[in-house]
Amino acid sequence: MSIEENKSDFGAGLLRWYRRVRRDLPWRRSRDPYHIWVSEIMLQQTRVDTVIPYFNRFMDRFPTVGHLAEAPEEDVLKHWEGLGYYSRARNLQSAAREVVEEYGGVMPRTKQEVAGLKGVGPYTTGAILSIAYNQPEPAVDGNVMRVLSRYFCLEDDIARPATRIGLEELAKELIPEGEAADFNQALMELGAMVCTPKSPSCTECPVGELCAGRLQGKERELPVKTKAKKARPVFRFAALIAGTGSHAGKVLVRQRPETGLLARMWELPHIEVPDEEAWDEPAAGIPLLEDGLAEDGVRIKATERIAGEAQHIFTHLVWNIKVLEAAALDEQYVADRTAYRWVGAEEFEDYAWPNVFRKLLTEYFIHQIK
DNA sequence: AAACCGGGGTT
DNA sequence: AACCCAGGTTT
């Protein structure tokens, strides 16, 4: 069999399989480029099952690109809460405003224009063009890299950008005439449902008979991917500052900076300590916490009493947080700080929280009611 | 090329 | 505990 025959058999076999087993997903019920776009941004590094409820809520609240462009940023962030990679949400809204201003509210159709939208890289560009417009552009994500590496028995390191570019050229050649939308989704569906990372179901694979990786017994060794570094642990003390008087029942929280980790999310005020030894001794944390918040103009008195403890795991970082009970010295002054606010159980849901602070504060407010 | 950017499910 | 997920941006 020639290479060209193998390529056309691959496409035909995959398409037949996909049309038989494709999952009924919310964004597959539409070809509206806005729906496709939002789903693809949400699906970046995020599983289908996780995205479904977020996608439905988002479309309910922001049904068109115009609605998204007009919304307050905090409203968008709130609808993204818990999904992670929050710059995706800010970039998406920024790009929605660009579509309204530059393209009259109509999604662009050319590769250059789509690729120029904030938060839209090579994969998402190909996904939008192929799925919404059936344009013959490749959409190479982690699934597709794994499937193609196995099927063609390619041992290039998929962590390298050059490998992804090569696979995009290959994936483009594989698209059957006029079938870009279904073919690209079929490739990803195969990677998600059959050609899975650890133990692929080769006996159920529609193209398993033609898979070079499997024929050489290497399906479990592919794709080759260099390992990521381990997450670095950091140690922090947070302050649980309970209000009194007019702030009774409320807790002092603050908003994170505009850029960087967890940008513009809300949190308990906290500081980092140099190492685990310092973190093991809460008494040593008291002056560090007091002085750290004083730099923001927030004067508090901290105690050794532990109000909670939590761990927050990021891709490259692990936060270990001990929460110390504390009191504010100038409540009214503190309340006037822009980045700081007193928040009670009633206002809690008006803010977007990283999961670790959502858990700690929910625990506190529940305990408070008893 | 490498680092940064969440959160959760699987193995 | 390691790996992965419908990746993109910044350095």
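All chains are named by letter (A, B, ...) in the order of the sequence lines, taking the proteins before the strands, and each is independently numbered beginning at 1. Only a predicted model underlies this, so the values are computations on that prediction, with no experimental measurement involved.
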Nucleotide C:dG7, atom P - distance to NE2 of A:H316 in whole Å: 19 Å
Protein-nucleotide distance (A:L262, atom CG; B:dC5, atom P), rounded to Å: 9 Å
Touch class at under 4.0 angstrom, heavy-atom based, for A:L92 against every strand present: nothing
Can you list, pair by pair, the side-chain donor-acceptor contacts under 3.5 Å of residues 192-211 of chain A, counting residues two or more places apart and other chains?
{"unit_1": "A:T196", "atom_1": "OG1", "unit_2": "A:S199", "atom_2": "O", "d": "3.3"}

Closest-nucleotide ordering on DNA chain B, the 5'-leading residue of A:L317 and A:N355: A:L317
Pairwise 5' ranking along DNA chain B for A:S199 and A:P354, keeping only the more 5' one: A:P354
A:Y85 side chain, from C-beta outward: closest of B:dG7, B:dG6, C:dA6: B:dG6
Atom-to-atom span, CD1 of A:I41 to C1' of C:dG7 - whole angstrom: 9 Å
Distance in angstrom units between A:Y86 OH and C:dG7 P, rounded: 17 Å
A:K225 side chain, from C-beta outward: closest of C:dC4, B:dA1, B:dG6: C:dC4
Under-4.0 Å side-chain N/O to phosphate OP1/OP2 contact, A:H312 with B:dG6: no
Nearest-0.5 Å distance, CG of residue A:L222 to CD of residue A:Q216: 8.5 Å
A:R57 NZ/CZ over A:Y54 ring centroid, <6.0 Å and within 45° of normal: yes
Rounded P spacing from C:dA6 to B:dT11 in Å: 13 Å
Atom-pair distance (CG on A:L190; P on C:dA6), nearest Å: 12 Å
Aromatic ring proximity A:F55/A:W27, centre distance under 6.0 Å: yes
DNA chain C: 5'-proximal contact among A:N91 and A:S39 (nearest heavy atom): A:S39
Sugar-phosphate, base or nothing in reach of A:T315, heavy atoms under 4.0 Å: base
Whichever of A:K198 and A:D141 has its nearest DNA chain C nucleotide further upstream toward 5': A:K198
Base C:dG7 to side chain A:T46, donor-acceptor N/O within 3.5 Å cut-off: no
Integer angstrom distance from the P of C:dC3 to that of B:dA3: 16 Å
Pairwise side-chain contact, A:I158 with A:V224, heavy-atom cut-off 4.5 Å (strictly under): no
Touch class at under 4.0 angstrom, heavy-atom based, for A:T124 against every strand present: sugar-phosphate
A:R146 vs C:dC5: side-chain N/O to OP1/OP2 distance below 4.0 Å: yes
Short side-chain N/O contact from A:K229 to OP1 or OP2 of B:dA3, under 4.0 Å: yes
Test of ring centre spacing under 6.0 Å for A:H270 and A:F357: yes
Protein-nucleotide distance (A:Q45, atom CD; B:dC4, atom C1'), rounded to Å: 12 Å
Sugar-phosphate only, base, or nothing, as touched by A:W319 at under 4.0 Å among non-hydrogen atoms: nothing
Sugar-phosphate, base or nothing in reach of A:Y123, heavy atoms under 4.0 Å: base
Touch class at under 4.0 angstrom, heavy-atom based, for A:G82 against every strand present: sugar-phosphate
Rounded distance in Å - CE (A:M188) to P (C:dA6): 9 Å
A:D24 with A:R29: basic N within carboxylate O range, under 4.0 Å: yes
Gap in Å between the two P atoms, one belonging to C:dT10 and one to B:dG6, rounded: 14 Å
Touch class at under 4.0 angstrom, heavy-atom based, for A:V144 against every strand present: nothing
Atom-to-atom span, CZ of A:R164 to P of B:dA1 - whole angstrom: 11 Å
